[in-house]
Each structure stands twice: as structure tokens, then as C-alpha cells.
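In the text below, chain A, chain B and the rest are named by the order of the sequence lines, each starting its count at 1.
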2 protein chains.
Amino acid sequence: MKRIAESTVRRLSLYLRFLEDFEQRGQPTISSDELARRGGTTSAQVRKDLSFFGSFGKRGLGYPVAELTAQIREILGLGREWKVYIIGAGKIGAALAGYRGFRDRGFVVIAVYDTDPRKVGHPADEFSVRDMGQLERDAAREKPDIAVLAIPAEGVQPTVDRLVKAGFKAILNFAPAQIQAPADVTIRTVNMALELEGLSYALSNRD
Amino acid sequence: MKRIAESTVRRLSLYLRFLEDFEQRGQPTISSDELARRGGTTSAQVRKDLSFFGSFGKRGLGYPVAELTAQIREILGLGREWKVYIIGAGKIGAALAGYRGFRDRGFVVIAVYDTDPRKVGHPADEFSVRDMGQLERDAAREKPDIAVLAIPAEGVQPTVDRLVKAGFKAILNFAPAQIQAPADVTIRTVNMALELEGLSYALSNRD
DNA sequence: ACATGTGAACTGCTTCACAGCG
DNA sequence: CGCTGTGAAGCAGTTCACATGT
């Protein structure tokens, strides 16, 4: 299959949210124009995005909501549950462990890890924090799919190396650090300081 | 000044981090190539990014680390403190309130707000949660610059309307929702569900 | 008549390659 | 000679516009 732009995949996620709304309201079909307005894009963009994966619409009518919803779920790989380890039981890690938005979409947190002996064994939002030393053994048994990194920047690269060795192919990184990893490991970084600095730049440079 | 791409601004933030490292180590100059390797980009990209704002380097030598650091700080508007309100004292809001990375870069959280009477008055990481009803009055007095939104998706649009009316020109949104706002208000959205779905897509579609 | 699907045109970001200067 | 600064070329993502199917 042809390589798909990351921006396209992000928009598919958005469309999916809107479609779920429309589905719940019992709307049978939806036009690219309607989806576009809801998502802050253009109808041509919507049609192009979808066209990479097939022809889901009917000319003159639009897209069948239920079908398209199912199709996008399939495309995004949301037809199953993904097992998630959270690495780091600090404030961010604990907040993520209790974040309902994850489970609702099929991302099931199954454990939280930390190196700090004072945290290990204690609860972090319904999870008993596990010792980082167990990670490899646990991962071999539980076969988790995704690691969410919520640790200080200093420790990130060694930890990523460990996760890669343990077999993780997908990492969501919340630490403000640049990461090196093999090409077959997908990493998404959420860097809050970076976002804030973008706002700072915007505030400082409007005329 | 010419419009600068968001991608360029993001990279400047990254360069700044690396430059601070190099500065601390006492390295006097740095080449575009060195910066590029550290940031996972190319030397041409680094030079192009910087060239939008001026000529900071010396041919044959590279860039003076201390000077360039100061320049980028200036460009990003980091030569001052920005006052931040956090809206929403749930798990995410509370975690953000205690996040050291903010203050370290000049983003000073001065208050946390919530509508839930059970939370108001109680502490959320060293802050006593304020009633959302006070927001407008407080904002008129304290003149905050940035609002960080950490509330459920349903309430986002009305809250944004309120923040805009209260004078906020910059919003960092953690809710999984699309937002409408006037053009002179800058909004950055961090949507964790979206990032996870990007990973799901990557895991499902590698050959 | 209406709305999709899609080549073609366009826009804008990235990469190239080299002149220019220390 | 080394490394910057930058026009020009290349490429990727978006928008246009229309032929096509219902």
C-alpha cells in the first residue's frame, strides 16, 4: 500500500469522532462537505483523504455513516484492544493511568512502572506500581503493544533502548527529549514545553 | 515580518534546548551540522530556519553558542514571564499544575480553576482551586496571558468563548475536541487519543 | 441535480548546491 | 579551506475543477 501522510491519518481520527456523533444521532448519510465543516477543513480534503483507502461514498448522496465509521476504525486498527504499559509513576504518569479517554478507544493500560522504590508497590490510580526491573519479564508474558513514556528527559534514551529490546514497536513519549530508535519502531512525542513556546512566539509576533 | 512556518518555530524550540546544553558545557561555537545531528534534521534545514530571522553565524566557524541561544530566546518571546491559568482541576489539570517544566521556561502557573464546588477551595498541587465563576474578575486584575484547558470535551467550546471574551489570546487545549475561535487567538491542541490512534495505525499497517 | 473520485495545478516546505566570506 | 547564507530545484501535501455515477 502507498505511504500515507501523517496529516491524513490524524484527520481520519478526527473524522471518526464526528462520525460517531452523527451515528449516535441516527443520521444515515453524510457529505464530505458536512464532515469538512465539522473538522475545519475542506470537502476536497475529506474526499482525497478517504480516496487513499477506497471508494466509500455514493455520488449524489454522500457517505453511509455507519459503514464509513466501521471502515475508518478498520483502517486505524481500532478493531481490537491494544495493551499499554505506562513507564513513570510521577504526576503525568499517574494522570495518564487514570485517563478514561484511553480505555474508551481500546487502549487498555495494564501496568505502571517506576524505578523509585518508594513508589513501587504503592497505588497509582488503581494500579499497583511495578518495579522497572520486572519490565522485561512482564513484557515477555503480557505482550504489551504500546509504551507511554512519562519520565524525566535525562533517562529517556536508555529507557527507549530497553523498550525496543523488550519488543515494543510503538512509543508515546511525553518527555521533552529527542529520541533515536530503529525505523520499525514508531514514536510520537508530545512536548508540552514546545507547544507553550509556540504560543509564546505567536503572542510575541502578532502585528 | 514574513510569515514563519509552524514547523520552523518548533525546530527553533528544539535547537534552543540543545544550545542550552552546549552552553552549559562551555562550548563556544557550534556548526549547523552539529545542531542538525542532535535534532534529527539536516544542516541545510538548520541554516534555513535561522536565516528567516537573521545572520547569526560566521562562515568557516559556525554559530556562537551564547549569542545564538539569546537570539532564539528573543525570537520565541522567552525573555519574559508568561502568566498561565489552568482551567480544570481534574487529573490532567492537577498534573499540569505541578509540572516543573513550565516554570523552568518562564511559564508561571498562577491559578487553577474548576466548576465543581467539591474541588473549589481545595488544593491542587500547591494551588487552592478557584471557582470558575471568578475567572473574569480575576483575569481583569491579574492579566494572565495563556489558558491551559484541561476539561472534558463537552464543555470546551463554551469555555473557549468565555476565555476569548475574557481577553485570552493563547490557549493550550488538552481536550479531545475541535475548537472555533477568532483568528487573533492562537490555539494549540494536544490530543492524546489522536496520537495513540496514530500509533495504532502504524502498528496495523507495517509490512 | 447532486456529490463523489481524481488527475492536474498549485502552494509551501525541504533539500540541493554553490557563491561568498571569514 | 570550512561553513554559512541563499536562490533554485525538488517534493509533498492541498486545492481546484470537472468528468462520472446515482
Side-chain angles (χ1 to χ4, degrees), chain A residues 1-15 18-19 22 27-72 75 178 194 198 201, chain B residues 1-15 18-19 22 27-72 75 178 194 198 201-202 205:
Chain A
M1 190 196 282
K2 211 180 141 262
R3 205 199 138 269
I4 302 296
E6 187 178 308
S7 50
T8 294
V9 176
R10 299 182 90 90
R11 280 192 300 268
L12 287 182
S13 287
L14 284 177
Y15 304 156
F18 307 143
L19 284 165
F22 286 112
Q27 188 170 327
T29 64
I30 189 166
S31 67
S32 57
D33 193 61
E34 217 168 339
L35 262 181
R37 237 174 303 136
R38 188 74 190 274
T41 180
T42 67
S43 61
Q45 181 76 78
V46 171
R47 294 198 300 279
K48 183 66 92 180
D49 286 339
L50 295 175
S51 77
F52 293 130
F53 301 95
S55 302
F56 307 119
K58 281 194 175 35
R59 288 158 200 258
L61 235 176
Y63 300 88
V65 170
E67 256 174 77
L68 186 55
T69 305
Q71 289 280 4
I72 295 183
I75 292 165
Q178 225 38 23
L194 219 102
Y201 173 81
Chain B
M1 191 195 284
K2 212 178 139 261
R3 206 197 136 270
I4 301 297
E6 187 177 309
S7 50
T8 294
V9 176
R10 298 183 91 91
R11 281 191 300 268
L12 287 182
S13 286
L14 283 177
Y15 302 157
F18 307 144
L19 284 165
F22 285 113
Q27 188 170 327
T29 64
I30 189 166
S31 67
S32 57
D33 193 62
E34 216 169 339
L35 261 181
R37 238 174 302 134
R38 188 75 189 275
T41 180
T42 68
S43 62
Q45 182 75 79
V46 171
R47 293 198 301 278
K48 183 65 93 182
D49 286 339
L50 295 175
S51 77
F52 292 130
F53 301 96
S55 300
F56 307 118
K58 282 195 176 33
R59 288 158 200 257
L61 234 176
Y63 301 88
V65 171
E67 257 175 75
L68 187 56
T69 304
Q71 290 279 4
I72 295 183
I75 292 166
Q178 224 38 22
L194 219 103
Y201 173 81
N205 297 280

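- To the nearest 0.5 angstrom, B:R3 atom CZ is 9.0 Å from B:T8 atom OG1.
- Note on B:Q45: a side-chain N or O is less than 4.0 Å away from OP1 or OP2 of C:dT15.
- Scanning both residues, B:A36 and B:T42, for their nearest heavy atoms gives CB-C, 3.3 Å.
- Residue B:K58 contributes atom NZ, which lies 18 Å from atom C1' of D:dC1 at whole-angstrom precision.
- Whole-Å rounding puts the A:F53 CZ to C:dG5 P distance at 14 Å.
- The side chain of A:S31 approaches C:dT4 more closely than any other nucleotide in the set D:dG13, C:dT4, D:dC16.
- Nearest heavy atom pair, residue A:S32 against residue A:R47, reads OG-NH1, 3.2 Å.
- The interatomic distance linking B:F52 (CZ) with C:dG12 (C1') rounds to 10 Å, in whole Å.
- Evaluation of atom-type donor-acceptor distances gives no pair under 3.5 Å for the side chain of B:R47 against the base of D:dT4.
- Mapping B:S43 and A:L61 onto DNA chain D via the closest heavy atom, the residue that lands nearer the 5' end is B:S43.
- Atoms OG1 and CZ, from A:T29 and A:F22 in turn, are 10.5 Å apart once rounded to the nearest 0.5 Å.
- Rounded to whole Å, the distance from OH on A:Y63 to C1' on C:dC2 is 13 Å.
- Comparing C:dT6, C:dA17, C:dG22 against the side chain of A:K48 picks out C:dT6 as the nearest.
- Note on A:R11: a side-chain N or O is less than 4.0 Å away from OP1 or OP2 of D:dT14.
- Rounded to whole angstrom, the span from the CG atom of B:L50 across to the P atom of D:dT4 amounts to 10 Å.
- At a threshold of 4.5 Å between non-hydrogen side-chain atoms, the residues A:K2 and A:F52 count as touching.
- For the OP1/OP2 pair of C:dC13 and a distance below 4.0 Å, the side-chain nitrogens and oxygens of B:R3 include at least one atom meeting the criterion.
- Annotation: of the two residues near DNA chain D, A:G60 and A:T42, the 5′-most nearest-nucleotide partner is A:T42.
- The nearest whole Å value for the distance from the CZ atom in B:F56 to the P atom in C:dC21 is 19 Å.
- Interface remark: the A:R59 side chain does not form any donor-acceptor pair with the D:dT22 base, using a distance-only criterion of under 3.5 Å.
- The interatomic distance linking B:K2 (NZ) with D:dT6 (C1') rounds to 12 Å, in whole Å.
- With rounding to whole Å, B:D49 atom CG is found 13 Å from D:dT4 atom P.
- A close approach under 4.0 Å does not occur between any side-chain nitrogen or oxygen of B:T8 and OP1 or OP2 of C:dC13.
- Counting non-hydrogen atoms under 4.0 angstrom, B:S7 reaches the backbone sugars and phosphates but no base.
- For B:S32 and D:dC3, the shortest distance from a side-chain N or O to OP1 or OP2 is not below 4.0 Å.
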